[in-house]
Amino acid sequence: VTVGTRTEPPSEGEVLRFLDQMLDEFSVFHGETAIERDLLFGAGSAGEVRVRLTMTPELAPLLEGAFAGLRSEPDTRPDLRLYALSGGSPPRPPWRAPDYLPREQIRGSTSGRVRASFSVEQRILNLLDRERKTGVFWCADPADLEAWELGAPLRHLLNWGMPDHGWRLIHGGVVGGKSGAALLAGRGGSGKSTSTIACLRAGMRTVGDDYCLLGHHDGELRAHLLYDVVKLAPDSMARFPELSDHTTPGIERTDLKAHVTLGSAFPKASTEHLEVRVLVLPHVGARTGAPRPTDAAEALRALATSTLVQLPSSGEDALRALGGLIAPLPAYRLEVGEDIEAIPPAIAELLRRHAER
Amino acid sequence: VDDQVLAADRPDILDEVFDGEAVLINMRTGCYYSLDPFATELWRTLAPGRRTVTASRIVAANHGVETEEIMELLSPFVARLREEGLLVGIEREVEEQADGAEGQTPPEWSPGVPKMERFDDIADLLLIDPIHDVDLDGDGWPVIRAEVGSGAGGSGTKASE
């Protein structure tokens, strides 16, 4: 093969051929030692998405736990097929060195039909063909996977694949009950997880505190459970010592945050979906105060930036789509202080205020 | 006067107007921006691909003022947008009416110094390595270039901070 002076990234066809080669390379393992799970995302909503997840035996124990909150129902016609592969002798990728961009992005595959990302440090490839609804997560060595990969596994593939089924992956927590829920948005350290845990202890329900699915389904703005994990920084863990019995061991090796298993720590709080009626932007302050209304642009900044900056190659329409989802929601800033017992009543009052449509 | 045609640097720049104020995200750097209504009008006029003078003429017409008046306000703003990597040079100007930038209802705000607020709080948390030099190994897979990478910094995108 002659190395040319090509400046354009590989064509879509070349990338798709590479995806086929990846699947061929690992075909020997399919059906022999592969571990398959049929997971139901958005269960109970009109926009149910059936995902068949095929994993190597090395990856399965690392990835499965985070999906423990989802229903698993055998299905012969999945909407999305995802392969979690590791090691082996993968084929030569079609990209040249300059095609590998910062933040895991790959030139030519940041938008459109084929999405790809590569983490050079962890040696992880994510590649999805939205048309064929087939994606591959490949890592050179499962031992190199960082804690944040294990706490939110396959999030790039889900972020690229779910919008075709009416769901957006968002970075935020959701707490509430039958009469409605609050979407807690904001960057790390803003008090989201502390607020979530405080609300769960007060009897509220949740669909997750880190990532969840958000979409208009069945006539409402619905948030859906994705990962069975709540991530807490050490100072937050110190506030909730009872949670230390429910953390994933070994995670602290690479992540400063503890990963608390939601279903185990709060078995009654975890639910499949909640209707979002209000957006709350927590921020750490001296004392927990009354929620103050804020404008839509700040709400979009808080939700969209922390979501999209962490999810590369979300597509050119991603910001618009997130804006459209949260546009009808009233938004509030909530100062959260050491008096965490004041957080649940403040959020409950907001939910009461906005319970009527 | 810089007569280069400039446009939003797609697909790395995401933008959305919400309640009359644009939010921009630079996906390369992780920085994001909030624009006031006048800056938003300027951004919307420039983003599809225009010369500064063309954009000034369109905006001036919207407000019923002289083109030169807008040019004076627009030029430093354009320089800042370029510094932030939000606008890049392209070859051809967009058709004037292709994006509906002209002929809109007159804006409620008056031209003034356009305001753009920059936020880097997310970028700081993300271990973003702007250099990110890679080589390909013998099998064609990317590895961090030894002399640059040396294990420092990071190119990872943490799932959540």
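Each chain gets a letter, A, B and so on, in the order the sequences are listed, and its residues count up from 1. Not measured: the values here are computed from a predicted model.
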message: Taking every non-hydrogen pair under 4.5 Å, which of A/Ala299, A/Ala97, A/Pro93 racks up the most with chain B?
response: A/Pro93

- request: Calculate, to the nearest 0.5 Å, the distance between atoms CE and CD belonging to B/Met27 and A/Glu316 respectively.
  value: 11.5 Å

query: If you look at every heavy atom in A/Pro91 and B/Trp141, which pair is closest and at what distance?
result: O-NE1, 3.1 Å

query: How many angstroms lie between atom CZ of A/Arg96 and atom CG of B/Leu136, to the nearest 0.5 angstrom?
result: 9.5 Å

query: Does the pair B/Asp12 and A/Gln105 meet the rule for a side chain to side chain contact (heavy atoms under 4.5 Å, CB included), with working shown?
result: CA-CA 10 Å; B/Asp12 285 334; A/Gln105 301 198 101; 3.8 Å; yes

task: Select, from B/Asn26, B/Ile13, B/Ile25, B/Asp19, the one with the greatest count of heavy-atom pairs under 4.5 Å involving chain A.
output: B/Ile25

message: Less than 4.5 Å apart, side chain to side chain, heavy atoms only: is that true for A/Leu322 and B/Glu16?
response: no

task: Would you mind checking which part of A/Ala327 comes under 4.5 Å of any heavy atom in chain B, side chain (CB onward), backbone (N, CA, C, O), both or neither?
output: both

query: Just by distance, do the side chain of A/Arg320 and the backbone of B/Leu14 share a donor-acceptor pair under 3.5 Å?
result: no

query: For B/Asp139, is it the side chain, the backbone, both or neither that has a heavy atom under 4.5 Å from a heavy atom of chain A?
result: backbone

- prompt: Any sub-3.5 Å donor-acceptor pair from A/Arg92's side-chain atoms to B/Gly138's backbone N or O?
  reply: yes

message: Show, in sequence, the C-alpha distance, side-chain angles and deciding distance for A/Leu319 and B/Phe18, and conclude whether the side chain to side chain contact (heavy atoms under 4.5 Å, CB included) test is met.
response: CA-CA 10 Å; A/Leu319 187 56; B/Phe18 222 52; over 6 Å; no

- prompt: Does any heavy atom of chain A fall under 4.5 Å from the side chain of B/Asp15, the backbone, both, or neither of them?
  reply: both

message: For B/Glu66, I'd like to know if atom CD has over 12 heavy atoms of other residues, nucleotides or ligands within 6.0 Å.
response: no

- prompt: Among B/Tyr32, B/Phe119, B/Tyr33, whose side chain to side chain contact (heavy atoms under 4.5 Å, CB included) with A/Thr305 holds?
  reply: B/Tyr32

- prompt: If every non-hydrogen atom of B/Ser34 is compared with every non-hydrogen atom of A/Arg301, which pair is closest and at what distance?
  reply: OG-NH1, 3.0 Å

